Every structure is written in structure tokens, then in C-alpha cells.
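I'd like to ask you about the structure that follows.
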Amino acid sequence: MDIEERKAQLKKLNARATQAKMDLHDLSEELPTNWEKIPEVAQRCFEAHVLLMDARKALAAAEA
């Protein structure tokens with residue numbers, strides 16, 4: 001994967017992570033309503049950010 005493809009992937013992952021963060025924030029604002037969804041939403045947010053951080057590391061390594 002070249003650097004431009006990595007940057008495009010990073011942009012998509014960043015959007016996904018941002019949406020997951022907002023979903024978690026929205027859920028917290030609604031508590032105690034839908035408290036049962038906390039693990040599901042938090043896991044999705046965690047996974048999105050793991051992918052984002054890995055992509056950032058890969059891009060930094062490719063640019064070095």
C-alpha cells in the first residue's frame with residue numbers, strides 16, 4: 001500500500017472513530033436510558049480507535 005492509499009484509509013478510519021466517539025458521547029448524555037448498550041457502544045469505539053492508531057503508526061513508518 002502506498003502512502004496516498006494509507007492516507008485515504010486513515011481518513012476513513014478517522015471518520016469512523018469520530019462517529020464512534022460521538023455515539024458513546026450521545027449514549028452517555030442519555031443515561032440512564034439505554035444503559036444496557038454501554039458495553040456494545042464502548043467496544044465499537046475502542047475497536048475503531050485501535051484501528052485508527054494502528055493506521056497512524058503504519059503511515060508514520062511508511063513516511064520515515
Side-chain angles (χ1 to χ4, degrees):
M1 184 180 302
D2 71 5
I3 290 179
E4 292 306 314
E5 290 172 328
R6 289 182 190 275
K7 286 181 180 180
Q9 179 190 32
L10 186 63
K11 188 174 181 178
K12 290 177 186 177
L13 291 171
N14 190 53
R16 184 189 303 172
T18 299
Q19 183 59 53
K21 177 181 73 170
M22 293 308 300
D23 292 346
L24 189 58
H25 176 267
D26 291 347
L27 179 62
S28 72
E29 292 276 319
E30 298 169 359
L31 290 174
T33 303
N34 293 325
W35 66 269
E36 306 91 349
K37 293 183 180 181
I38 293 172
E40 171 192 337
V41 176
Q43 183 66 36
R44 192 168 59 242
C45 187
F46 177 82
E47 290 170 359
H49 281 83
V50 166
L51 292 172
L52 177 60
M53 294 303 118
D54 288 348
R56 285 181 179 171
K57 288 178 191 174
L59 177 60
E63 290 180 326

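Given the structure is predicted, the values throughout are model-derived calculations rather than measurements.
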Can you see which heavy atom on Ala48 is nearest to which on Ala17, and at what distance?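 For Ala48 versus Ala17, the nearest heavy atoms are CB-CA, 3.8 Å.
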Flag side-chain contact, heavy atom, 4.5 Å: Arg44 against Leu24: no
Under the 3.5 angstrom rule, does the side chain of His49 hit a backbone N or O of Cys45 as a donor-acceptor pair?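 Side chain of His49 to backbone of Cys45, a donor-acceptor pair under 3.5 Å: yes, one is there.
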Is it the case that the side chains of Glu5 and Gln9 hold a donor-acceptor pair, with the cut-off being a distance below 3.5 Å and no angle test? no
Here the gap from Leu10 atom CG to Asp54 atom CG, rounded to the nearest 0.5 Å, amounts to 11.0 Å
Roughly how far apart are Met22 CE and Leu27 CG, rounded to 0.5 Å?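 CG of Leu27 is found 12.0 Å from CE of Met22.
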Euclidean distance, Asp26 CG relative to Asn34 CG, rounded to 0.5 Å: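 Answer for the CG-CG pair, Asn34 versus Asp26, is 11.5 Å.
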Is atom CZ of Arg16 surrounded by more than 12 heavy atoms (other residues, nucleotides or ligands) closer than 6.0 Å? no
Return the CG to CD distance between Asn14 and Gln19, rounded to the nearest 0.5 Å. 12.0 Å
Got a second to check how far His25's NE2 is from Glu30's CD, nearest 0.5 Å? 10.5 Å
Answer with yes or no whether the hydrophobic clustering places Phe46 together with Val41; edges join I, L, V, M, F, W, Y residues whose side-chain heavy atoms lie under 4.5 Å apart. no
Do Ile3 and Leu52 share a hydrophobic cluster (ILVMFWY, side-chain heavy atoms under 4.5 Å, transitive)?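 Yes, one cluster joins them.
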